[in-house]
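Only a predicted model underlies this, so the values are computations on that prediction, with no experimental measurement involved.
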Amino acid sequence: MTTAAQLNAFLDTLRQSLDPDILSSNRQECAEYGHHTLPGADHVPSAILFPASTADVEAIVRHANAFRVPLFPISMGRNLGLGSRAPMRSGQVVVDLGRRMNRVVEINEELGYCVVEPGVTFNALYEALQSRGSALMMSPTAGPPDGSLLGNALDKGGGSGPAGDHFGNVCGMEVVLGNGDTIRTGDGGLDMSSHPNWHVTKYSFGPALDGLFTQSNYGIVTRVGIWLNQRPSAIRPFFFTFPDDDDLQEIIELIRAMKKKTLVPTLIRATNDLYLLSSQERHPRSGAPTAAPLSLAERRDLQQRYGVGSWTVSGALYGGSDEALKPGIDMLRAHFEASGKARYIPFEDAQAMPHLHAAINSNSGRPADGELGMLKWRPGGGAIWLTPGTPMDGLMVNAFQAQCRKIALDNGLDYMASFVCGPRFARSVHAIIYDRDKAEEAARADRCYRAMCEAFRERGIFVGRAPTQYQAFHQGQRTQQVVNACAAIKQALDPNGIIAPGRYGIE
């Protein structure tokens, strides 16, 4: 436990040794940083630090070790539904890397990568590529456009296009470890001033260290390389809608068969009606004391008004021209419409449907915040993201959606889910939207999250990301051997437990 004297001495040392503007302990600003969308109380930091360089981060970590002050690093803190900017526990010092460490260090057109600091947002990289007329294309996330590329990748976030696996496209990191040492992973670790391979090859000499710094608290990542794709001459998003909830079983089978043919370069999403349409609507009983979940009849009315069914399938084809892509669209139509249930939405019609714009933008490499409208579905701003993944097995995925739908309804909440599908694996986002201002509803949202997690765990399925409030809970679901290994690495790289104690359940 850090004493007030230790904290004050730490802050005074930083004021004297670094730029005085590097820190804030303003009560209102700390309260804003401590706010989140999860059930339970806010976690208010004792101070906020704004380093401007890796050297500043090194100094902060050294002094934090000297005074035993726990730090909570964030990039932009825009991981809504997962914890936002709030530290693991009240009193930790937030290190906001995004405010001043926000440079696009390099864009390499020939080799197809960029190098960014933590404060480079999806919008910022998009604008940088646009301003130079780049032939490269980024992979945006469905989350906030002002979220950090680096932060999203380190939390194993996903996006659209061929580079949708954001951590999978990270190559080469700069990291300040919890003990104050700075390392560069991969070929960046060569004892030379020049590192031409640093951001083009993942597998250098010795262990691949990069994975240690995803969803962990072993160090503070201050720079990463990210691979980008060549922008195709033509992009044609596609949409199919299916009428019934249990159509998901056939949808998953159809998507898996299509992805195995490698015709579609993007991941293919299957999104349910309320996940899609909540961005355009408010719950019809938002002002009532109890906002009961929508009935099937109410959902049917929404579906009819917006021209979709219970599930909407989306993706995109890339090619040399619109004409060259036409045979691919015809093949997709033949494949999905053979089910007798799919209805094709022509691209020209989709452009006039605002609820489909998020998919159009993301598959075209443009950051957009269309899906975040769902946060206003109910008042109070409560949101929890549950992110399990399953094999691309239609029977299994449909069983999960039916079970989770019942759990949501039993807790008085609407079922909202989107499955992002490849040939083998479907990563899902279950959005639990609730009124955080009502303690009873927040308790129901908490029960809903835990019950859904248990439904997946019972069948050997784990989450891919976790809200801060539930990270210790999920770490406790792992074997003791894994927990011990995480603790041993922590002890080696951060012996005083300075970096984000408790993050992802690692103390």
Intermediate values then yes/no, salt bridge (charged side-chain N to carboxylate O under 4.0 Å, His left out), Glu29 and Arg85: CA-CA 11 Å; Glu29 189 168 21; Arg85 299 184 294 182; over 6 Å; no

Working for side chain to side chain contact (heavy atoms under 4.5 Å, CB included), residues Leu177 and Phe213: CA-CA 10 Å; Leu177 302 177; Phe213 305 104; 3.7 Å; yes

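- Checking side-chain atoms of Lys202 against main-chain N and O of Val170 turns up a donor-acceptor pair under 3.5 Å.
- Contact annotation: the side chain of Leu125 approaches that of Cys114 to within less than 4.5 Å [non-hydrogen atoms, C-beta and beyond].
- A side-chain N or O of Ser204 and one of Asp187 form a donor-acceptor pair less than 3.5 Å apart.
- Side-chain contact between Leu317 and Val264 is present, with at least one heavy-atom pair separated by less than 4.5 Å.
- Remark: the backbone N or O of Leu136 is paired with a side-chain donor or acceptor of Ser134 at under 3.5 angstrom.
- At least one donor-acceptor pair under 3.5 Å links the side chain of Arg436 to the backbone N or O of Leu38.
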Verdict with supporting geometry, Arg503 and Asp155, salt bridge (charged side-chain N to carboxylate O under 4.0 Å, His left out): CA-CA 11 Å; Arg503 177 176 267 167; Asp155 205 39; over 6 Å; no

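- At least one donor-acceptor pair closer than 3.5 Å links the side chain of Trp385 to the backbone N or O of Leu80.
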Intermediate values then yes/no, side-chain hydrogen bond (donor to acceptor under 3.5 Å, both in side chains), Arg465 and Thr387: CA-CA 6 Å; Arg465 303 171 73 182; Thr387 58; 6.0 Å; no

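- Using a 4.5 Å cut-off on side-chain heavy atoms (C-beta onward), Lys490 and Ile499 make contact.
- Under the 4.5 Å side-chain criterion, counting only non-hydrogen atoms from C-beta, Ile48 is in contact with Cys30.
- Taking all atoms of both residues into account, the shortest heavy-atom contact from Pro367 to Asn123 is CB-OD1, 3.6 Å.
- With hydrogens and angles ignored, the 3.5 Å screen pairs no side-chain donor or acceptor of His36 with any backbone N or O of Gly81.
- In this structure, the separation between CZ on Arg378 and CG on Leu413 is 5.5 Å, given to the nearest 0.5 Å.
- The shortest non-hydrogen separation linking Phe473 to Arg450 is CD1-NH1, 3.7 Å.
- Considering only heavy atoms from C-beta on, His63 stays 4.5 Å or farther from Leu18 through its side chain.
- Of the possible donor and acceptor atoms, none in the side chain of Asn102 sits under 3.5 Å from a partner among the backbone N and O of Val120.
- For Gly365 against Pro140, the heavy-atom pair with the smallest separation is CA-CD, 3.7 Å.
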Intermediate values then yes/no, side chain to side chain contact (heavy atoms under 4.5 Å, CB included), Asn108 and His199: CA-CA 10 Å; Asn108 191 307; His199 302 301; over 6 Å; no

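- Between Tyr33 and Asp96, the side chains place a donor N or O and an acceptor N or O closer than 3.5 Å (distance only, hydrogens not considered).
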Verdict with supporting geometry, Asp494 and Asn217, side chain to side chain contact (heavy atoms under 4.5 Å, CB included): CA-CA 8 Å; Asp494 184 12; Asn217 56 5; 5.8 Å; no

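- The environment of CZ in Arg424 is sparse: at most 12 heavy-atom neighbours from other residues, nucleotides or ligands sit within 6.0 Å.
- The closest side-chain heavy-atom distance from Lys260 to Met392 is not below 4.5 Å.
- For the pair Arg444 (side chain) and Ala408 (backbone), a donor-acceptor distance under 3.5 Å is absent.
- Taking the six-membered ring for Trp and thresholds of 30 and 60 degrees, His166 and Phe122 have ring planes inclined between 30 and 60 degrees apart.
- The heavy-atom pair separating Asn363 from Ser160 by the smallest distance is OD1-CB, 3.6 Å.
- Side-chain contact between Pro391 and Ile461 is present, with at least one heavy-atom pair separated by less than 4.5 Å.
- The nearest pair of heavy atoms linking Pro495 to Asn179 is CD-CB, 4.0 Å.
- In this structure, Thr222 and Met101 approach most closely via the heavy-atom pair CB-CE, 3.9 Å.
- Applying the salt bridge (charged side-chain N to carboxylate O under 4.0 Å, His left out) test to Asp19 and every residue at least two apart in sequence or in another chain returns Arg100.
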ring-ring contact (aromatic ring centres under 6.0 Å, His included) assessment of Tyr449 paired with His474: CA-CA 12 Å; Tyr449 180 91; His474 288 299; 5.8 Å; yes

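- Screening Val57, Ile60, Val94, Asn65 for a side-chain contact (heavy atoms from CB on, under 4.5 Å) involving Leu71 leaves a single residue, Ile60.
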Side chain to side chain contact (heavy atoms under 4.5 Å, CB included) between Arg478 and Cys486, worked out: CA-CA 11 Å; Arg478 305 171 87 180; Cys486 290; 4.2 Å; yes

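- Residues His430 and Pro388 are in side-chain contact: their nearest non-hydrogen atoms beyond the backbone lie under 4.5 Å apart.
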Glu174 and Thr182: CA distance, side-chain angles, deciding distance, side-chain hydrogen bond (donor to acceptor under 3.5 Å, both in side chains) verdict: CA-CA 7 Å; Glu174 180 180 77; Thr182 297; over 6 Å; no

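- In summary, the side chains of Gln471 and Gln475 do not present any donor paired with an acceptor at a separation below 3.5 Å, with no hydrogens or angles considered.
- Checking side-chain atoms of Asp56 against main-chain N and O of Pro51 turns up no donor-acceptor pair under 3.5 Å.
- For Glu454, the salt bridge (charged side-chain N to carboxylate O under 4.0 Å, His left out) partners are Arg457, not counting sequence neighbours.
- A donor-acceptor distance shorter than 3.5 angstrom exists from the side chain of Trp198 to the backbone of Thr185, with no hydrogens or angles considered.
- Remark: the backbone N or O of Pro118 is paired with a side-chain donor or acceptor of Ser148 at under 3.5 angstrom.
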